[in-house]
Amino acid sequence: MIIELKSDVNDAQANKLAKELLAIYMNRGDQKLIVTSSKMKGVESHYEGMIEAIHVFDSDIQLASRDFSKSTIPVKVGEVTVGGNSSNTLLIAGPCSVESEEQIEDTARFMKSIGITALRGGCFKPRTSPYSFQGLGEEGLKLMASMREKYNLSIVTEIRDATHADMVIDYTDVIQIGAKTMYDHGVLRKAGKSQKPVLLKRGFGTTLQEFVQAAEFILSGGNPNVMLCERGIRTFETKTRFTLDLCGVAYLKEYTNLPVILDPSHAMGHAYGVPDVTRACTAMGIDGLIIEVHPDPSVARSDAAQQLDFSTFGALYNSLKPIAEAVGRKIV
Ligand code: PEP
Ligand code: MN
């Protein structure tokens with residue numbers, strides 16, 4: 001249940017009420033909210049003088065629910081707004097990992113030249129094997145930050161665990177929380193304390209309910225700027241890396257108020273399929289896409305098989321524009 005408090009209720013009164021209800025109090029500036037468990041369906045009558053409105057839900061998808069906010073919440077990534085009144089489909093692109101100055105600069109220069117505004121690149125990589133490349137760490141973050149300065153690109157990079165969360169949050173424009181990290185409550189709580197946009201990826205064994213509840217940790221922590229990212233779930237199929245759950249995307253669009261971003265690269269796992277899947281995703285009318293692109297995918301130090309080279313990505317980018325337009329959207 002979400003209780004909207006009257007504007008004259010002060011923080012001390014609100015905190016006291018939240019404590020009595022075993023709930024979370026959030027002062028969002030224009031809104032003072034108390035969020036309880038969804039099992040609670042009302043309050044005792046002596047609290048009524050403090051209350052503007054009450055919203056009741058059938059599950060703990062509450063702040064993220066379409067029933068709470070009819071319109072998709074706006075999230076600003078640099079100059080670009082996703083969600084809100086915009087009809088933007090934001091294209092985020094770049095390598096899986098930052099590997100060297102030359103590699104990230106070649107990519108940033110290319111992205112800038114074709115009009116891309118958001119550059120991805122992981123520096124703390126959540127690898128399946130301890131013997132694989134783990135990322136450049138802070139050195140990589142510095143390279144990403146210098147690409148922001150030099151090419152005026154928004155940078156998107158991931159937190160692997162809570163030990164370096166503050167450092168990544170300081171450097172990045174968009175906080176990426178990966179499929180393996182989305183259960184790390186230390187990371188979710190750190191992201192909730194920031195106001196920077198968060199790209200929260202769905203774990204590959206995560207139900208939609210669990211996924212959106214992870215977003216609720218960030219939202220209820222005080223950060224309203226959360227974007228959900230579907231990147232494929234594990235099914236019986238092994239010919240593709242994961243199975244992109246487009247039905248789940250339809251559910252997220254219908255029942256949540258958060259922008260939805262799709263990651264065809266990790267779902268497909270093989271570059272040959274990424275352009276077709278990206279076009280299919282675009283036709284769903286989504287808020288954004290995140291695609292892995294590398295100057296020379298054959299030598300990439302992580303996710304080599306799925307990264308697109310510049311010419312394939314450039315052609316894909318051009319082919320997306322009319323598809324987005326056909327569903328009332330604009331690729332930005
Ligand atoms: C990535 O974006 O490179 C990544 C590790 O993705 P995921 O967390 O979805 O596996
Ligand atoms: Mn990757």
Open item on the list: When you compare the side chains of Asp309 and Thr312, does any donor N or O come within less than 3.5 Å of an acceptor on the partner?
Closed with: yes
Task: Nonpolar side-chain network containing Met50, other nodes, edges under 4.5 Å - done: Met1, Ile3, Leu5, Val9, Leu17, Leu21, Tyr25, Ile34, Met40, Val43, Tyr47, Ile51, Ile54, Val56
Task: Shared hydrophobic cluster, Ile323 / Ile114 (ILVMFWY, side-chain heavy atoms < 4.5 Å) - done: no
Task: Gap between atom CG of Leu141 and atom OG of Ser146 - 0.5 Å precision - done: 11.0 Å
Open item on the list: Using the ring pair (Phe, Tyr, Trp, His ring centres under 6.0 Å) criterion, which residues pair with Phe68? Sequence neighbours excluded.
Closed with: His55
Task: Side-chain heavy-atom pair Tyr255, Val212 within 4.5 angstrom cut-off - done: no
Open item on the list: When you compare the side chain of Pro264 with that of Ile291, does any pair of heavy atoms fall below 4.5 Å?
Closed with: yes
Open item on the list: Any heavy-atom pair between the side chains of His266 and Glu292 that's under 4.5 Å?
Closed with: yes
Task: Sequence-distant partners of Phe57, ring pair (Phe, Tyr, Trp, His ring centres under 6.0 Å), two or more places apart - done: none
TODO: Mind running side chain to side chain contact (heavy atoms under 4.5 Å, CB included) on Val293 and Phe310 for me, showing each step along the way?
DONE: CA-CA 7 Å; Val293 184; Phe310 292 169; 3.7 Å; yes
Task: Shared hydrophobic cluster for Val98 and Ile169 (ILVMFWY, side-chain gaps under 4.5 Å) - done: yes
Open item on the list: I need the Glu138 CD to Tyr171 OH distance, nearest 0.5 Å.
Closed with: 3.5 Å
- [ ] Look up atom OG1 in Thr181 and atom CG in Leu200, then write down how far apart they are to the nearest 0.5 Å.
- [x] 10.0 Å
TODO: Go through Glu105 and Lys150 one step at a time and tell me if the salt bridge (Lys or Arg N to Asp or Glu O under 4.0 Å) criterion holds.
DONE: CA-CA 9 Å; Glu105 176 136 23; Lys150 206 159 169 186; 2.7 Å; yes
TODO: Could you verify whether a donor N or O on one side chain and an acceptor N or O on the other, from Arg127 and Ser302, lie under 3.5 Å apart?
DONE: no
Task: Glu79, CD atom: more than 12 neighbouring heavy atoms under 6.0 Å - done: no
Open item on the list: Which heavy atom of Ala118 sits nearest to which heavy atom of Leu90, and what is that distance?
Closed with: CB-CD1, 4.5 Å
Open item on the list: With a 3.5 Å distance limit and no angle check, can you tell me whether Lys112 reaches the backbone of Tyr151 through a side-chain donor-acceptor pair?
Closed with: yes
Open item on the list: How about NZ on Lys239, more than 12 heavy atoms from neighbouring residues, nucleotides or ligands closer than 6.0 Å, or not?
Closed with: no
Task: Glu101, CD: over 12 other non-hydrogen atoms inside 6.0 angstrom - done: no
Task: Gap between atom CG of Leu188 and atom CD1 of Ile218 - 0.5 Å precision - done: 5.0 Å
Open item on the list: By the definition side chain to side chain contact (heavy atoms under 4.5 Å, CB included), identify the one residue from Asn225, Val82, Val226, Thr72 that meets it with Leu258.
Closed with: Val226
Open item on the list: Treating Ser86 as the side-chain partner and Thr81 as the backbone partner, does any N or O pair qualify as donor plus acceptor under 3.5 Å?
Closed with: yes
Open item on the list: According to salt bridge (Lys or Arg N to Asp or Glu O under 4.0 Å), who are the partners of Lys32, at least two apart in sequence or on a separate chain?
Closed with: none
Open item on the list: Among Gln307, Glu99, Gln306, which residue satisfies the side chain to side chain donor-acceptor pair (under 3.5 Å) criterion with His294?
Closed with: Glu99
Task: Contact check, side chains of Pro275 and Leu308, non-hydrogen atoms, under 4.5 Å - done: yes
TODO: Considering non-hydrogen atoms only, spot the tightest contact between Gln103 and Pro95 and give its length.
DONE: NE2-CB, 3.3 Å
Open item on the list: I'd like to know whether the aromatic ring centres of His185 and Phe217 sit less than 6.0 Å apart in this structure.
Closed with: yes
Open item on the list: Does either side chain, that of Arg301 or that of Ser132, offer a donor lying less than 3.5 Å from an acceptor on the other one?
Closed with: no
Open item on the list: I want to check something: taking the side chain as every heavy atom from C-beta on, are Met182 and Lys201 in contact at a cut-off of under 4.5 Å?
Closed with: no
Open item on the list: Less than 4.5 Å apart, side chain to side chain, heavy atoms only: is that true for Val77 and Asp173?
Closed with: no
- [ ] Considering non-hydrogen atoms only, spot the tightest contact between Ala108 and Leu119 and give its length.
- [x] CB-CD2, 4.1 Å
TODO: Take Lys180 and Arg160, measure what side chain to side chain contact (heavy atoms under 4.5 Å, CB included) needs, and give me the verdict at the end.
DONE: CA-CA 8 Å; Lys180 294 172 187 155; Arg160 185 180 56 217; over 6 Å; no
- [ ] Return yes when atom NZ of Lys16 has more than 12 non-hydrogen atoms of other residues, nucleotides or ligands closer than 6.0 Å, and no otherwise.
- [x] no
TODO: With the side chain counted from C-beta on, respond yes when Leu244 and Met268 share a heavy-atom pair under 4.5 Å apart, and no when they do not.
DONE: no
- [ ] Count the heavy atoms of every other residue, nucleotide or ligand shown that sit under 6.0 Å from CG of Asn85, and state whether that count exceeds 12.
- [x] no
Task: CZ on Arg120 to CD1 on Ile290, rounded to 0.5 Å - done: 4.5 Å
Open item on the list: A quick test of your reading: do over 12 heavy atoms of other residues, nucleotides or ligands sit less than 6.0 Å from CD of Gln195?
Closed with: yes
- [ ] Give the cluster check for Val198 versus Ile73: same hydrophobic cluster or not, with ILVMFWY residues linked at side-chain heavy-atom distances below 4.5 Å.
- [x] yes
- [ ] Provide the closest heavy-atom pair for Ala267 versus Gly232 in the form atom of the first, atom of the second, distance.
- [x] CB-CA, 4.1 Å
Open item on the list: One pair to check against side chain to side chain contact (heavy atoms under 4.5 Å, CB included): Ser220 and Leu63. What are the steps and the verdict?
Closed with: CA-CA 7 Å; Ser220 65; Leu63 291 163; 3.9 Å; yes
Open item on the list: Are there over 12 heavy-atom neighbours, none belonging to Lys193, within less than 6.0 Å of that residue's NZ?
Closed with: no
Open item on the list: Counting only heavy atoms not in Lys125 (residues, nucleotides, ligands), do more than 12 fall under 6.0 Å from its NZ?
Closed with: yes
Task: Side chain proximity check, Met227 to Asp287, heavy atoms < 4.5 angstrom - done: no
Open item on the list: For residues 202-217, which residue pairs pass the salt bridge (charged side-chain N to carboxylate O under 4.0 Å, His left out) check, not counting sequence neighbours?
Closed with: Arg202-Glu230, Arg202-Asp245
Open item on the list: Test side chain to side chain contact (heavy atoms under 4.5 Å, CB included) on Met144 and Thr172; report intermediate values, then the result.
Closed with: CA-CA 8 Å; Met144 287 296 276; Thr172 198; over 6 Å; no
Name each donor-acceptor pair under 3.5 Å that joins a side chain in residues 324-332 to protein atoms two or more places apart or in another chain, with its distance.
unit_1	atom_1	unit_2	atom_2	d
Arg329	NE	Gly285	O	3.4
Arg329	NH1	Asn88	O	3.0
Arg329	NH1	Ile286	O	3.1

Open item on the list: Parallel, tilted or perpendicular, judged at 30° and 60°: which one describes the rings of Phe313 and Phe110?
Closed with: perpendicular
TODO: Look up atom CZ in Phe211 and atom OG1 in Thr256, then write down how far apart they are to the nearest 0.5 Å.
DONE: 8.5 Å
